[in-house]
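A short worksheet on the structure shown next.
Sequence lines set the chain letters: A, B, ... in the order given, protein chains first and strands last, and positions in each chain run from 1. Every value quoted in this text rests on a predicted model; they were computed, and no experiment measured them.
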Amino acid sequence: MPENVSHEIPKTYEPQAVEAHWYQRWIDADCFRAVLDAARPERAFAIMMPPPNVTGVLHMGHLLNNTIQDVLVRRARQKGMAALWLPGTDHAGIATQSRVEKELRKNGVTRHTLGREKFVAAVADWRDKHGGIILDQLKKLGASCDWSRKIHTLDPDYSQSVLQTFVTLYQRGYIYRGRRMVNWCPVSLTGLSDEEVIMKPQRSVFYRMRYEIVEHPNEFVEIGTTRPETIPGDTAVAVNPADTRYAHLIGKHVWRPFPRAKIPIVADPLVEKDFGSGVLKVTPAHDKVDFEIGRRHKLEVLDVMNPDGTMNALAGDDLAGLDRFDARTVAAEKLRSLGLLIKEEPYENNVGYSERADVPVEPRLSEQWFIRYPKVEEAKRAVTEGVICLHPERWKKVYLHWLNNVQDWCISRQLWWGHRIPVWYKKDADRNDPAACHVAIEPPADPENWEQDTDVLDTWASSWLWCLSTLGWQKPGDTTPELNFWYPTSVLVTAPEIIFLWVARMIIAGLEFHGPEKNTLTDAEIRARIPFQNVYFNGIVRDTQGRKMSKSLGNSPEPLDLIARFGADGIRLGLLSIAPKGQDILFDEERIAPGRNFCNKLWNAARFRQMSGGKNTTPATSLAALAARINPALCDANDHAILSALAAATDTINTAFDAFDFNTYTATLHQFFRTDFCDWHIEVSKARIQNDATRDTALAVYDICLRQFLLLLHPVAPFISEELFHLLGYCGENDFIQNICPDSGESILQTLATHGVTIDQCAVADTSVLREFITTARALKSRQNLGARKDSRLILTPKDTHAQAFASARSDMIKKLVGASELIFSDPPTDNNPATPTPLGTLTLDTTGNIDTAAEKKRLSNELQRLDNLIAASNTKLANPAFLAKAPPAILAGARAQLADLLSRRDELARLLASMNRPPSPEGTTAP
RNA sequence: GGGGGUAUAGCUCAGUUGGUUAGAGCGUCUGCUUGACAUGCAGAAGGUCGCAGAUUCGAAUUCUGCUACUCCCACCA
């Protein structure tokens, strides 16, 4: 055993112990600390972790998202980049506040009985207790974040920057206050942005009713609604100005049923002629469209609801105090009793739900702060010009569509947990008079005369600064050494769900705030201001039925439990290899088990390498040192083949990384290691390991493969790769695999050549012929249920002298791999022994009777039929003059060669089939 | 209503710019405790590449239409 292999590899791989050990060592050695290198800006590589909510618990989506980030950052670290992965958490206004309010309610306490200051303190307290859990859980996954830089969106510095951007945007004219229709959540009691409203199809009732025309008693117009409870808020009915049916009624009035009142009939183009009766009841206080119509026609705005969704006094005695949905039933009853209800029809429509509270939002008129987005054109250009690349690219369209239709952003929330809006109003003054507003981070000098706005900012109005404020940015135009070095960051890894809520807004924030104030930006300025260069959208992790993971469905596995059972590396490998590019993932434990199995396989292969010994005493910490152990004269064709495959796999993986193609990455790891290295190369070279003369060279080839493979594997499976790298002595005791860059394919070939091993492509080709021959021979045996026997006699009728020499030289190898006691070269026996064509000639299995002749004949006929079909197709193609004239020569030659091959195999099969039809010869087997 | 996405083996997915007989993992079947590994090995079965056209010498791949499922956006009450 080599001296540098100082520890024996245990029999079974125990991920828990290995993971805990290495994570601690990495932390102790400060492996994840990002150190800027101002002199070499090209070394910068940064990823900002999408900050999880402090209320969040680790779920499958986090596992995938953070695995991808960790893979990218570890890869960068190996390549010698100054790699920064910055973690943090989001204060998550509504979610956190509701969570704590719920706790308080258990003790009969509300935020109002507690008061603002104490309540915020209580929430902060809860956050301090629970908010860090999710990041600690990520450590179990192996996340290599620079934990010393952990940021929270309510940290004092971060908060300052949030307030400062509000003030700046106000000064630049992008922020205004207005009485507008907003999406009101009657449970959270706050306004919401459009992006926080989820449309859901709803089974509703469409009420068709009639309103009497004031000027024409006993004449009615029919009106449809799904919300009769809002009738008391009606202040008009509207028709389309081009609708001839109602033209004579415009300017007249109808009776609102309850409370009974005269309301005008107006004409407005927003009304669809063809929908329902073409008459719309207008409730300006409770519908966005109606509000717009009301504004144009100067209609009264009658708010008949309380903030909590109950009806108020204006709704009339029968409805007042009722919940909006109960009021709907009562209102319908009232219509019926008044004889105004024509019909109730089942109806499916889309209703907006509050994302957090999951109740229908109520369009509600209220005073809110809005942002008119700056730099919208530049934000589009950043993506259309490819300054920011989206992966997969198709999200471009979604992103641009949003920007093309973007509405002003309602940023005030009627909550207490968050960044309090930095605006003070002069007492007893008109709040809409700018002169009576003090907008600044610092309160006015005479605070007793002012009142601060009670609202806080939308959480996303803080997280849109994530790429800036995490790097010490405090105010627009700021630069810091950290910003200069790491900004723009390299990749953002996130879910497409938040492309509007977060991604687009971060881009806008970067463009507006990073650099001096400018109205428009050049391409170069865009390049300098964007927050990230790439966005990788990972899919959503769903269950096997395609449903989102959720607590209430109980379909979400416990990630820490999975890590304990499969190992972090196993999960990472499993998740990454099943994640289709840009598609959602259907998660099932069964589907990630191969990740764990692969780790086990690797462990055992390493163990086999170590148990195979070797007399090397020199350290083997580089490719060159390992290559130096090879005696080129002892390299066989299999060595050439596996080393060639290693270089090819390396190149494939490098290309895959550049394209964020993780499918190819994991598939290549699997193909190379399992199929090429373990199942073929190790097996085929075992004899050479047992031979003193060849052992060192064979082991050196193992080591080159294992070392390079571990380096390539490390980003996705950091723990096991580090452990084995050390156990196999590929680095010093105090080194880490993260600091070692895998050689490129070309560099591997060059280093080998320097040490006398120039990959021989003929040898590589020979190996693939041998593999095919072995597989065919095994199949031949297996069909006779002799797969496990090692005493079979094989008779090869070589197709030419080269084939004979080839097989003869490898006779021992073939016998061992196929499981045969003899390999005889001879003409085919004349009786009905099973046989098969192979690349080297016809191979016959010498059986002593008892073969299933019928089954074998059937198989041969099927195979013959298949070949005949292929030959027919091939002939047709080659008989086509157009093909002969237009196909490239290489394709043509290929087609001809293929046909020749098919024909010879067909002839051989036909001969074998014919021989099976003869009665068996009485002597049994024939031999030369 | 508008815009995406997907459709390939029983299941989940690969399939690079069109090119020789469409691949993998899981599952299934058969055999095997082979001196690293049963979380394994060997072998096998299994596909009209959603449907219909078009382009081409040649289409899973490009184009058109259709169908099914799915996601996002949207002010039809």
Is there side-chain contact between A/V279 and A/Y211, with at least one heavy-atom pair below 4.5 Å?
no

Whole-angstrom distance between B/rG27 and B/rC66, as gauged at atom P
41 Å

Any strand, both distances under 3.5 Å, Watson-Crick or G-U wobble: B/rG1 pairs with B/rC73

Is a donor from one side chain sitting under 3.5 angstrom from an acceptor on the other, for A/N183 and A/D194?
yes

Could you work out which one of B/rG4, B/rC73, B/rU39 sits closest to the side chain of A/K397?
B/rG4

Give the nucleotide from the list B/rC73, B/rA14, B/rG19 with an atom nearest to the side chain of A/I891.
B/rG19

Has A/K273 got its NZ or CZ under 6.0 Å from the middle of the six-membered ring of A/Y246, at an angle within 45 degrees of the ring axis?
no

Nucleotide B/rG19, atom C1' - distance to CG of A/N880 in whole Å:
14 Å

Earlier contact from the 5' end, RNA chain B, for A/R394 and A/T776:
A/R394

Out of B/rU39, B/rG19, B/rA42, which has the shortest distance to the side chain of A/N600?
B/rU39

Listed nucleotide nearest any side-chain atom of A/K601, set B/rC26, B/rG40, B/rC73:
B/rG40

Between the side chains of A/S612 and A/Y702, does any donor sit under 3.5 Å from an acceptor?
no

Taking the C1' atom of each, how far is B/rG46 from B/rA22, in whole Å?
14 Å

Among the nucleotides B/rG40, B/rG4, B/rG19, whichever has the atom closest to the side chain of A/N597 is B/rG40

With a 3.5 Å limit on both atom pairs, tell me what B/rA59 is paired to, counting Watson-Crick and G-U wobble, or say none.
none

From CG of A/D588 across to P of B/rG25 the rounded distance in Å is 18 Å

Take atom CD of A/E589 and atom C1' of B/rU12, then tell me their distance rounded to the nearest Å.
16 Å

What integer number of Å spans the P atoms of B/rU8 and B/rU61?
14 Å

Reading RNA chain B from 5' onward, which residue's closest nucleotide shows up sooner: A/A779 or A/I578?
A/I578

Donor on one side chain, acceptor on other, A/D588 and A/T544, under 3.5 Å
no

Value in whole Å for how far the P atom of B/rA24 lies from CZ of A/F598:
16 Å

Using the P atoms only, state how far B/rU64 lies from B/rG4, rounded to an integer number of Å.
11 Å

With a 4.0 Å limit, can you tell me whether A/R778 has a side-chain N or O closer than that to the phosphate oxygens OP1/OP2 of B/rA44?
no

Within this structure, what is the NZ-to-C1' distance between A/K877 and B/rU56, rounded to whole angstrom?
14 Å

By the 4.0 Å heavy-atom rule, please label A/L902 as base, sugar-phosphate, or nothing.
base

Return yes if the base of B/rU21 and the side-chain atoms of A/R866 contain a donor-acceptor N/O pair under 3.5 Å, otherwise no.
yes

From C-beta outward on A/T775, which listed nucleotide comes closest to its side chain: B/rU39, B/rG43, B/rC72?
B/rG43

Please classify the nucleic acid contact of A/I682 as base, sugar-phosphate, or nothing, using heavy-atom distances under 4.0 Å.
base

Donor-acceptor pair under 3.5 Å: do we get one between A/E683's side chain and the base of B/rA42?
no

When you check the phosphate oxygens OP1 and OP2 of B/rG40, does a side-chain N or O of A/R674 lie under 4.0 Å from one of them?
yes

Is the shortest heavy-atom distance from the side chain of A/V503 to the side chain of A/F537 under 4.5 Å?
yes

Polar side-chain atom of A/D243 near backbone of A/V239 as donor-acceptor pair, under 3.5 Å:
no

Does OP1 or OP2 of B/rG40 have a side-chain N or O of A/N604 closer than 4.0 Å?
no

A/F709 side chain reached by A/L669 side chain, heavy atoms, under 4.5 Å:
yes

Could you check whether A/P888 gets within reach of a base, just the sugar-phosphate, or nothing at all, counting any heavy atom under 4.0 Å?
base

Between B/rA7 and B/rA44 - C1' atom distance, rounded Å
28 Å

With the criterion being N/O to N/O and under 3.5 Å, what pairs connect the protein with nucleotides 74-77 of chain B, and how long is each?
{"from": "B/rA74", "atom 1": "N6", "to": "A/N350", "atom 2": "ND2", "distance (Å)": "2.9"}
{"from": "B/rA77", "atom 1": "OP2", "to": "A/Y347", "atom 2": "OH", "distance (Å)": "2.7"}
{"from": "B/rA77", "atom 1": "O2'", "to": "A/G224", "atom 2": "O", "distance (Å)": "3.2"}
{"from": "B/rA77", "atom 1": "N6", "to": "A/E272", "atom 2": "O", "distance (Å)": "2.8"}
{"from": "B/rA77", "atom 1": "N6", "to": "A/F275", "atom 2": "O", "distance (Å)": "3.4"}
{"from": "B/rA77", "atom 1": "N1", "to": "A/E272", "atom 2": "N", "distance (Å)": "3.3"}

Taking atom C1' of B/rG58 as reference, at what distance in whole Å does atom CG of A/L899 sit?
16 Å

Starting the side chain at C-beta, find the nucleotide from B/rC26, B/rG4, B/rA36 nearest to A/R607.
B/rA36

Rounded to the nearest Å, what distance is computed from the CZ atom of residue A/R542 to the C1' atom of nucleotide B/rU6?
13 Å

Please give the distance between the C1' atoms of B/rG19 and B/rG25 as a whole number of Å.
28 Å

Nucleotide nearest A/P594 when distance is taken to its side chain, options B/rC26, B/rC72, B/rA36
B/rC26

Treating A/R505 as the side-chain partner and A/L501 as the backbone partner, does any N or O pair qualify as donor plus acceptor under 3.5 Å?
yes

Below the 4.0 Å mark, does B/rU21 have OP1 or OP2 next to a side-chain nitrogen or oxygen of A/Q898?
yes

For B/rA24 versus B/rC41, give the span between their P atoms, rounded off to a whole number of Å.
15 Å

Paired with B/rA7: which nucleotide, if any, by Watson-Crick or G-U wobble criteria at under 3.5 Å for both distances?
B/rU67

Look at all strands and tell whether A/K816 reaches a base, only sugar-phosphate, or nothing, counting heavy atoms closer than 4.0 Å.
nothing

Whole-Å distance separating the CD1 atom of A/I198 from the P atom of B/rC72:
8 Å

Using the rule given for side-chain hydrogen bond (donor to acceptor under 3.5 Å, both in side chains), can you reason through A/W502 versus A/E195, listing the C-alpha separation, both sets of side-chain angles and the distance that settles it, and then say yes or no?
CA-CA 10 Å; A/W502 197 43; A/E195 286 72 20; over 6 Å; no

For B/rU21, does the base pair up with any side-chain atom of A/R905 as donor and acceptor (N or O, under 3.5 Å, distance only)?
yes

Do the side-chain N and O atoms of A/D268 and A/H297 include a donor-acceptor pair separated by under 3.5 angstrom?
yes

NA contact type, A/Y13, heavy-atom cut-off 4.0 Å: base, sugar-phosphate, or nothing?
nothing

Considering Watson-Crick and G-U wobble pairs with both distances under 3.5 Å, what does B/rC41 pair with?
B/rG31

Just call it for A/A605: base, sugar-phosphate, or nothing, with non-hydrogen atoms closer than 4.0 Å on any strand.
base

If you check the A/F608 side chain, which of B/rG5, B/rA36, B/rU12 turns out closest?
B/rA36

Tell me what A/D679 touches on the nucleic acid: a base, only sugar-phosphate, or nothing, going by heavy atoms under 4.0 Å.
sugar-phosphate

How are the rings of A/F662 and A/F660 set relative to one another: parallel (under 30°), tilted (30 to 60°) or perpendicular (over 60°)?
perpendicular

Provide the distance between the two P atoms, one in B/rC73 and one in B/rC49, to the nearest whole Å.
36 Å

